[in-house]
Amino acid sequence: MQVASVIVDVAAMQTDRSFDYLIPDKWSGMIAPGMRVIVPFGPRSIQGFVTEVKSRSEVEKLKPLIEPMDLLPVLNAELLSLADWLTETTLCFKISAYQAMLPAAMKAKYEKVFRLIDGKTPSTKEIAELFQNRTEILWEEVAKLGLLTVFRQEVKANRIELVYKVKSKGNKKMIRMIGCALPANQSKEYIEQLPANALKQKLVLEYLVKQTSKFVSAKEAMEASGASSATLKSLIEKGLIVETKQEMYRDPYENREFQKTEPLPLTELQEKAIIPILQSIEQEQHETFLLYGVTGSGKTEIYLQSIQKVLKIGKEAIVLVPEISLTPQMVHRFKGRFGDDVAVLHSGLSIGEKYDEWRKIQRKEVKVVVGARSAIFAPFENLGIIIIDEEHETSYKQEENPRYHARETAIKRAQHYNCPVILGSATPALESFARAQKGVYKLLTLSKRMNDQALPDVEIVDMREELRDGNRSMFSRALFEKLEDRLKKGEQTVLFLNRRGHSSFIMCRDCGYVSGCPHCDISLTYHRYSHQMKCHYCGYEEPVPHACPECNSEHIRYFGTGTQKVEEELGKLLPYAKVVRMDVDTTSKKGAHEKLLRQFEEGKADILLGTQMIAKGLDFPNITLVGVLTADTMLHIPDFRSSEKTFQLLTQVSGRAGRHELQGEVVIQTYTPEHYSIQLAGEQDYDQFYQQEMMIRKMGHYPPFYFLALVTVSHYDVITASSITEKITNYLRSHLSKSAIILGPVASPIPRINDRYRYQCLIKYKREPKLNEGLKTILEHYTKQHKDKHLQVAIDVNPFIMM
DNA sequence: AGCACGCCGACT
DNA sequence: GTCGGCGTGCTC
């Protein structure tokens with residue numbers, strides 16, 4: 001009998017290995033690696049993934065697996081080995097890697113039910129009554145009734161059984177189809193024989209007879225004939241029509257027209273950049289290209305034409321875009337060029353919609369995937385190119401297990417398929433640019449905007465001076481003047497602000513009291529529309545205080561400015577200006593994002609006010625002014641990448657202005673105008689910024705000169721948290737080479753979240769072959785649960801967020 | 001993770 | 001003397 005090695009759906013240290021099961025003869029030959037199966041595990045049944053099919057096992061007493069969940073593997077050999085790599089490099093459980101690669105719909109759901117055993121009668125009337133008109137009762141219901149003990153006795157006495165069910169979240173959408181059951185040559189006669197009052201029935205049959213295909217959707221047939229479902233029902237009863245269900249895709253872009261676009265002629269620079277990419281595609285040679293092109297230099301057209309080449313030789317393409325910029329604009333460009341060959345994957349889709357897009361990819365019904373981070377796992381089997389747009393974006397790093405980076409994952413996959421990776425950005429991540437300098441990546445440069453448009457003029461305004469001159473508004477005089485000017489000319493403005501909501505925190509002006517979260521070491525954020533103070537880390541809420549809880553003073557001031565507050569202010573200062581506000585709060589509804597952008601595009605608004613999400617991808621000809629209200633909010637967060645992030649963001653936002661005929665202007669308001677990342681963003685000088693920042697990174701022993709690994713320990717007890725971190729730090733000190741720099745133990749930048757105290761240890765290293773092994777030992781040692789179940793140890797290799 | 005098995009305190 | 005508390009260890 002065959003044996004299947006299975007990774008079970010239990011994310012824990014002790015179960016992070018394969019378990020062997022017998023394959024019952026009836027499934028023999030049908031079970032393959034990469035398929036999901038239901039297996040018995042202890043007393044329950046759970047989902048698992050087959051990793052290997054073999055003829056014998058080391059283990060003596062094997063249980064047979066219950067049944068397969070798939071007819072075809074959901075993970076191919078390449079993805080299975082990619083999961084091995086993910087597990088190894090990010091130190092996650094294998095099951096977590098598998099789950100990250102598949103749509104959420106494939107994650108199993110479990111249900112426990114009590115079932116009355118055939119022919120048995122429960123010992124009490126009460127239980128018998130519960131089973132009156134059903135054979136199963138949910139475990140939860142029994143628990144709620146407080147009858148678990150009684151039921152347990154019944155189970156022992158073999159009158160009731162406890163059944164563990166595995167349910168798939170994946171629900172294929174089915175539609176009702178009907179077809180004519182009349183003999184083809186006599187249909188007329190049959191229809192005529194119907195009673196005279198069966199008018200609707202006749203219409204339905206006539207409609208069906210006219211159809212070229214056997215089955216049509218019931219909905220269509222009803223609409224066309226004006227019949228109701230009752231009509232169909234009686235036709236089915238008479239046996240005149242037959243009914244089936246057909247699987248169908250949910251189409252998130254249904255009824256949407258995409259203007260077909262043709263390849264544009266490339267500029268000389270674009271031409272030069274695309275040649276090596278096309279070569280790599282043709283010669284099937286893996287190479288990673290860093291496509292470094294200023295904003296508006298036409299990177300997208302290079303992507304499109306490279307993909308075209310890939311499709312022409314019968315291969316497939318993955319395009320990653322940051323979640324936030326998965327704007328309709330981007331989707332339009334790809335759907336416009338490649339039509340139905342494109343699947344789109346982003347967080348705005350429902351679980352079912354994502355599942356459908358995934359199945360289209362698996363069935364090879366599409367050739368191109370445009371999606372956010374997790375689209376890197378698209379189950380293509382003949383990849384010809386992987387493109388990562390805005391490659392510097394932090395959203396390409398997953399912040400929970402498996403903590404993978406889409407860039408490294410892309411390179412890993414591309415090596416397997418011998419195909420190129422294109423990393424595109426106007427402001428590459430320092431790591432990427434450094435690799436390009438060293439020749440690890442191949443640098444392709446687009447130094448000019450298309451049609452030689454000039455980059456926008458940038459003015460940096462010192463807000464301290466504004467304040468000194470008595471301007472206490474959030475708009476500097478320069479920005480306000482220009483804003484008025486654009487309104488007069490009918491041109492559009494983009495205003496950028498890094499913070500949503502109203503104000504960031506409130507403080508008592510008399511005693512300086514700031515209301516903080518009782519569970520976390522962080523101040524509460526004021527939310528205007530709910531009129532609550534909220535903690536962004538644990539969700540704690542409390543009402544806004546009318547008086548200071550410390551000194552009873554009523555002088556409470558709102559600090560920090562959010563988009564809501566700016567919107568209010570604009571309403572006061574420029575009441576005739578039409579403002580569209582875009583942030584998480586206004587775009588959370590489905591389709592809201594697109595709607596707001598369309599309003600702006602059609603000129604129905606003068607000012608687009610928003611957060612991060614308006615920083616990239618926008619390309620509207622009438623935008624001639626970009627205002628950054630406070631450039632330094634990001635600069636002061638305790639993260640060695642804060643300068644880089646500030647520079648990138650400012651450059652991206654500035655790039656929204658003057659992309660077409662009209663010349664653009666940018667105003668950057670700041671309290672630290674002398675800071676190099678603001679100065680150099682103003683000059684749009686990436687190269688200079690790169691030089692400067694590299695020096696700082698070198699001195700601080702930070703990436704790209706060193707790699708990082710971060711161990712975070714949290715516990716309800718401060719002493720435990722710090723002492724365990726100390727032990728871990730000491731262990732690492734003794735295990736790693738002299739050249740590794742080990743910092744800690746120190747409290748995390750946010751020392752307490754959700755009542756858990758957090759300590760960390762940071763490792764900076766260049767080459768440390770024993771590191772992964774050491775980190776694994778730490779995880780194994782401290783996650784043996786009975787040690788201390790309140791203890792949490794999290795390890796992030798190459799962390800992005802240091803908090 | 002979840003579940004059973006097993007060993008100690010407060011109840012019929 | 002039993003019910004149920006949660007410490008410990010296993011799941012092919």
Side-chain angles (χ1 to χ4, degrees), chain A residues 1-25 27-28 31-33 35-69 87 91-100 104 106-115 123-124 138-140 142-158 160-169 400-402 716 720 779-794:
Chain A
M1 222 191 268
Q2 284 186 308
V3 172
S5 285
V6 173
I7 297 286
V8 294
D9 182 19
V10 179
M13 205 85 224
Q14 289 133 304
T15 51
D16 187 33
R17 60 187 178 88
S18 61
F19 290 83
D20 288 351
Y21 290 89
L22 289 172
I23 300 177
D25 285 334
W27 310 117
S28 184
I31 308 263
M35 279 185 187
R36 295 173 302 157
V37 286
I38 298 175
V39 293
F41 197 63
R44 359 174 226 159
S45 334
I46 56 172
Q47 192 186 64
F49 289 83
V50 177
T51 54
E52 197 190 345
V53 175
K54 49 194 185 181
S55 53
R56 46 162 292 133
S57 169
E58 316 281 272
V59 187
E60 296 281 305
K61 33 161 189 95
L62 292 189
K63 287 186 189 174
L65 59 84
I66 297 170
E67 60 174 340
M69 294 179 81
T87 310
L91 306 173
C92 70
F93 303 131
K94 193 141 288 171
I95 189 70
S96 314
Y98 291 156
Q99 260 149 17
M106 291 208 175
K107 205 176 160 188
K109 278 196 305 192
Y110 299 101
E111 216 176 76
K112 278 189 287 185
V113 295
F114 289 104
R115 189 184 285 162
S123 61
T124 73
L138 276 176
W139 192 87
E140 282 77 16
V142 175
K144 218 186 260 167
L145 293 167
L147 295 172
L148 277 181
T149 325
V150 205
F151 269 71
R152 204 165 286 150
Q153 280 161 2
E154 296 294 293
V155 171
K156 267 203 181 129
N158 229 359
I160 289 175
E161 59 181 336
L162 181 55
V163 181
Y164 293 85
K165 288 190 178 176
V166 181
K167 289 199 160 181
S168 184
K169 268 193 210 162
E400 64 231 50
N401 277 329
Y716 290 112
T720 316
L779 274 180
E780 269 161 37
H781 187 77
Y782 289 100
T783 46
K784 291 231 168 79
Q785 63 236 63
H786 41 92
K787 220 151 192 160
D788 185 341
K789 60 180 177 183
H790 296 300
L791 179 70
Q792 269 176 25
V793 180

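Values below: all heavy atoms of this structure, side chains included; hydrogens, waters and symmetry mates excluded. Quick note on labels: first sequence line is chain A, next is B, and so on, each numbered from 1.
- Computed from coordinates, the A:Asp9 CG to C:dC12 C1' distance equals 16 Å when rounded to whole Å.
- In the set B:dA1, C:dG4, C:dC12, the nucleotide with an atom closest to the side chain of A:Thr149 is C:dG4.
- Checked by distance alone, A:Arg152 brings no side-chain donor or acceptor within 3.5 Å of a matching partner on the base of B:dA4.
- Side-chain contact annotation: A:Tyr98 with A:Asp9, donor-acceptor N/O pair under 3.5 Å absent.
- For the 3.5 Å distance criterion, the side chains of A:Ser55 and A:Gln2 fail to qualify, holding no donor opposite an acceptor.
- By the neighbour-count criterion of 12 heavy atoms within 6.0 Å, atom CH2 of A:Trp139 is sparsely surrounded, having that number or fewer from other residues, nucleotides or ligands.
- Candidate nucleotides B:dC3, C:dC12, C:dT11 were compared by shortest atom distance to the side chain of A:Lys61, and C:dT11 ranks first.
- OP1 and OP2 of B:dG2 both lie 4.0 Å or more from every side-chain N or O belonging to A:Lys112.
- Nearest to the side-chain atoms of A:Leu62 among the listed nucleotides B:dC3, C:dT11, C:dC12 stands C:dC12.
- In the model, A:Ser96 has no side-chain atom that pairs as donor or acceptor with a side-chain atom of A:Asn401 under 3.5 Å.
- Residue A:Leu162 contributes atom CG, which lies 12 Å from atom C1' of B:dG2 at whole-angstrom precision.
- In this structure, A:Tyr164 reaches the sugar-phosphate backbone alone: every heavy-atom distance under 4.0 Å involves primed, P, OP1 or OP2 atoms, never a base.
- Listed nucleotides B:dC3, C:dC12, C:dC10 differ in distance to A:Phe41; the shortest reach to its side chain belongs to C:dC12.
- For the pair A:Lys109 NZ and B:dA1 C1', the interatomic distance rounds to 19 Å; values are reported in whole Å.
- The side chain of A:Lys63 contributes an N or O atom lying less than 4.0 Å from OP1 or OP2 of C:dC12.
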Exercise answer: donor-acceptor pairs, residues 41-48 of chain A side-chain atoms, under 3.5 Å, sequence neighbours excluded:
| residue | atom | partner | partner atom | Å |
| --- | --- | --- | --- | --- |
| A:Ser45 | OG | A:Tyr164 | O | 3.3 |
| A:Gln47 | NE2 | A:Met106 | O | 3.2 |

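- The 12-atom threshold is not exceeded at NZ of A:Lys167, counting heavy atoms of other residues, nucleotides or ligands nearer than 6.0 Å.
- Taking a pair as Watson-Crick or G-U with both hydrogen-bonding distances under 3.5 Å, the stems of three or more pairs touching DNA chain C are B:1-11 with C:1-11.
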